[in-house]
Amino acid sequence: MPASPIKTYHFLSNKYGRELLLDIGRIENLENYVLDSTRHQLSFYEVLIIEKGKGSFMLDETTIALSPGTVIFTSPGQIRQWHIKKPASGYTIFFEKDFLNLFFTDELFLYRFQYFHQYRKPTAMTLDKETMLQCTGLVRQVENEINHLQDDSSHLLRALLYQLLVILHRAYARTWQLQTGTYIHPQFFAFRAMLEKHFITHHRVVDYVQLLQISPAQLNKICRKYTGLSAQQLIHHKQLSEIKRRLICSPDSISDIAYTYNFSDPSNFNRFFKKLTGHSPRQYRLRV
């Protein structure tokens, strides 16, 4: 049997009487903010900055320990769950992708920040005091601007958010020993764009190299440079992450899910899932 339905929370773009694709609040008193142990999803991006508290935060299948200075990055669709031992307080800043993507005319702009849609490293870190003060200072500027909206506020808010994301990106790169800077090879971006669009129907590397018109060796070299994973591993990661969420959130049968993700038959789907996870889809569904 599938698990209980998981609620998805959507962004309220007209909360302030005009369209604004960014918001901020204190997690301990923001209206309707989920801070109990209920599993849930967001359809937008969020950056959590923890000032006080103890416990853990589950993001998909990763457990993140909570302590003062913890910063957590969540991407749309990830399954979240709090386990708080001591009351948590801090800021949440959340936004729709179009708040930045449309301005920079780049549909994959947010992929330049390595903490969103991350495949290998945790999407969290602990800030040093100096960086924490720098970030909370920017967050308070965002909060103040939202509390005193003007006709040109979206421009200032976008600039503040971009500054915050870059500072956090530098800290994230230091924490996890990644390359700094937001330049990524354009072919890697093109592959990521195609993978987001075609992962249901395109399961093989050859499908993507034909679209990109490069060799499998070139694609693997680029993928390993930026993620440490091969192109096929990235394809499998995308497939698995989406399938796992579907198994948890959807009442659909295993057979229906298999056909939804373009597997030839349920037995092939079962073999694929068990080879990569060690569990059958049914076992995984019951386990979570």
Side-chain angles (χ1 to χ4, degrees), residues 1-10 34 37-44 57-64 74-81 97 107-108 111 116-123 188 190-212 214 216-217 219-220 223-224 227-288:
M1 294 293 292
S4 301
I6 293 176
K7 185 171 182 178
T8 300
Y9 292 87
H10 299 283
V34 178
S37 60
T38 304
R39 289 196 298 181
H40 60 286
Q41 295 175 302
L42 305 181
S43 65
F44 45 87
F57 182 82
M58 283 288 294
L59 191 59
D60 287 335
E61 296 177 292
T62 301
T63 300
I64 300 166
T74 76
S75 302
Q78 292 185 291
I79 298 173
R80 306 143 51 91
Q81 187 176 30
K97 65 178 182 179
E107 289 187 1
L108 289 178
Y111 283 83
F116 290 130
H117 305 283
Q118 173 60 245
Y119 286 159
R120 296 185 67 209
K121 303 293 184 180
T123 55
F188 179 71
F191 172 59
R192 290 294 296 269
M194 290 176 183
L195 183 56
E196 291 294 322
K197 185 176 182 180
H198 299 299
F199 74 92
I200 291 178
T201 55
H202 291 31
H203 296 181
R204 304 172 305 162
V205 173
V206 66
D207 298 323
Y208 294 94
V209 299
Q210 288 173 353
L211 291 170
L212 290 166
I214 61 174
L219 181 58
N220 278 317
C223 290
R224 289 189 186 282
T227 68
L229 303 175
S230 69
Q232 190 64 68
Q233 285 174 314
L234 289 174
I235 294 167
H236 284 165
H237 185 283
K238 178 62 180 177
Q239 288 177 288
L240 273 178
S241 62
E242 296 294 336
I243 289 168
K244 285 177 177 179
R245 290 170 193 160
R246 190 68 170 263
L247 286 168
I248 295 172
C249 301
S250 169
D252 294 347
S253 68
I254 303 296
S255 294
D256 286 343
I257 293 174
Y259 291 123
T260 295
Y261 288 95
N262 208 41
F263 286 85
S264 57
D265 57 67
S267 61
N268 185 29
F269 174 68
N270 284 336
R271 284 194 296 273
F272 165 82
F273 193 90
K274 189 166 187 177
K275 179 181 178 181
L276 295 178
T277 68
H279 304 279
S280 70
R282 190 173 306 280
Q283 289 171 331
Y284 178 81
R285 174 174 265 178
L286 292 173
R287 185 170 65 90
V288 297

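Because the structure is a prediction, the values reported are computed rather than measured.
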Participant: May I ask you to test the His236-Phe272 pair for a side-chain heavy-atom distance under 4.5 Å?
Facilitator: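 Contact flag for His236/Phe272 side chains = yes.
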Participant: Under a 4.0 Å threshold between the charged nitrogen and the carboxylate oxygen, would Glu242 count as salt-bridged to Arg246?
Facilitator: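 Looking at Arg246 and Glu242, the cut-off is not met.
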Participant: How far apart are the C-alpha atoms of Ile235 and Arg204, what are their side-chain angles, what is the distance that settles it, and do they pass the side-chain contact (heavy atoms from CB on, under 4.5 Å) test?
Facilitator: CA-CA 8 Å; Ile235 294 167; Arg204 304 172 305 162; over 6 Å; no
Participant: Of all the heavy-atom pairs spanning Gln41 and Thr8, show the shortest one and how long it is.
Facilitator: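 That closest heavy-atom pairing would be OE1-OG1, 2.9 Å.
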Participant: How many angstroms lie between atom CG of Leu247 and atom CG of Asp252, to the nearest 0.5 angstrom?
Facilitator: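 One finds 9.5 Å between CG of Leu247 and CG of Asp252.
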Participant: Name all pairs fulfilling the side chain to side chain donor-acceptor pair (under 3.5 Å) condition that reach into residues 268-277, sequence neighbours left out, sorted by first residue then second.
Facilitator: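 Those involving residues 268-277 are Ser264-Asn268.
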Participant: Testing the basics here: between Gly77 and Arg245, what is the closest heavy-atom pair and its distance to 0.1 Å?
Facilitator: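 Looking at all heavy atoms of both residues, the closest pair is O-CD, 3.3 Å.
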Participant: To the closest 0.5 Å, what do you measure between CD1 (Ile79) and OG1 (Thr74)?
Facilitator: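 Rounded to the nearest 0.5 Å, the CD1-OG1 separation comes to 12.5 Å.
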Participant: Could you pull out the closest heavy-atom pair between Val205 and Ala231, with the gap in Å?
Facilitator: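 Of all heavy-atom pairs spanning Val205 and Ala231, the closest is CG2-CB, 4.0 Å.
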Participant: Quick one about Gln233 and His237 (side-chain donor to acceptor, distance below 3.5 Å, no hydrogens or angles considered), yes or no?
Facilitator: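 No.
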Participant: Once side chain to side chain donor-acceptor pair (under 3.5 Å) is applied, do any residues pair with His279, and if so which ones, sequence neighbours excluded?
Facilitator: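 His279: no side chain to side chain donor-acceptor pair (under 3.5 Å) contacts found.
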Participant: Measuring only between side-chain heavy atoms, which start at C-beta, is Leu212 closer than 4.5 Å to Met194?
Facilitator: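 They are in contact (side-chain heavy atoms under 4.5 Å apart), so the answer is yes.
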Participant: Are any side-chain N or O atoms of Asn220 and backbone N or O atoms of Ser230, one a donor and one an acceptor, separated by less than 3.5 Å?
Facilitator: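 Absent.
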Participant: Stepwise, does the side-chain contact (heavy atoms from CB on, under 4.5 Å) test hold for Lys244 with Glu61?
Facilitator: CA-CA 10 Å; Lys244 285 177 177 179; Glu61 296 177 292; 2.6 Å; yes
Participant: Under the side chain to side chain contact (heavy atoms under 4.5 Å, CB included) test, which residues partner His203, sequence neighbours left out?
Facilitator: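 Residues passing side chain to side chain contact (heavy atoms under 4.5 Å, CB included) with His203: Gln239, Asn262, Phe263.
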Participant: Regarding Tyr111 and Glu196, do their side chains bring together a donor and an acceptor under 3.5 Å, going by distance alone?
Facilitator: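 A pair is found: one side chain offers a donor N or O, the other an acceptor, under 3.5 Å apart.
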Participant: Using the ring centroid of each side chain, check whether Phe273 and Tyr284 are separated by less than 6.0 Å.
Facilitator: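 Here the rings of Tyr284 and Phe273 have centres that are less than 6.0 Å from each other.
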Participant: In terms of ring plane angle, is the pair Phe191 and Phe188 parallel, tilted or perpendicular, where the classes change at 30° and 60°?
Facilitator: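 It falls in the tilted class, 30° to 60°.
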Participant: Going from CG on Leu211 to NE2 on His198, what distance comes out if it is rounded to the nearest 0.5 angstrom?
Facilitator: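 Going from the CG atom of Leu211 to the NE2 atom of His198 covers 5.5 Å.
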Participant: Closest heavy-atom contact between Ser241 and Lys238?
Facilitator: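 Looks like OG-O, 3.0 Å.
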Participant: Roughly how far, to the nearest 0.5 Å, is the OG1 atom of Thr123 from the CD atom of Gln118?
Facilitator: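 If I round to the nearest 0.5 Å, the distance is 8.0 Å.
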Participant: Could you give the distance from OG (Ser267) to CD1 (Ile254), rounded to the nearest 0.5 Å?
Facilitator: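 Interatomic distance, Ser267 OG to Ile254 CD1, rounded to 0.5 Å: 13.0 Å.
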Participant: Any heavy-atom pair between the side chains of Gln232 and Leu219 that's under 4.5 Å?
Facilitator: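 Leu219 does not reach Gln232 side chain to side chain.
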Participant: Would you give the length of the straight line joining atom CD1 of Ile243 to atom OG1 of Thr260, rounded to the nearest 0.5 angstrom?
Facilitator: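 Answer rounded to 0.5 Å: 10.0 Å.
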Participant: Check whether any side-chain heavy atom of His117 sits under 4.5 Å from a side-chain heavy atom of Arg192, and report yes or no.
Facilitator: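 Answer yes - side chains close enough.
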Participant: Are any non-hydrogen side-chain atoms of Phe269 and Tyr259 less than 4.5 angstrom apart?
Facilitator: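 Side-chain contact under 4.5 Å: no.
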Participant: Closer than 3.5 angstrom, by distance alone: can the side chain of Tyr208 be matched with the main-chain N or O of His202 as a donor-acceptor pair?
Facilitator: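 Yes.
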Participant: Does Asp60 pair with Arg80 as a salt bridge, N-O distance under 4.0 Å?
Facilitator: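 Here Asp60 does not pair with Arg80 in a salt bridge, since their nearest N and O are not under 4.0 Å apart.
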Participant: Within a reach of under 6.0 Å around NZ of Lys97, are more than 12 heavy atoms found that belong to other residues, nucleotides or ligands?
Facilitator: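 Counting neighbours around NZ of Lys97, 12 or fewer heavy atoms of other residues, nucleotides or ligands fall under 6.0 Å, so no.
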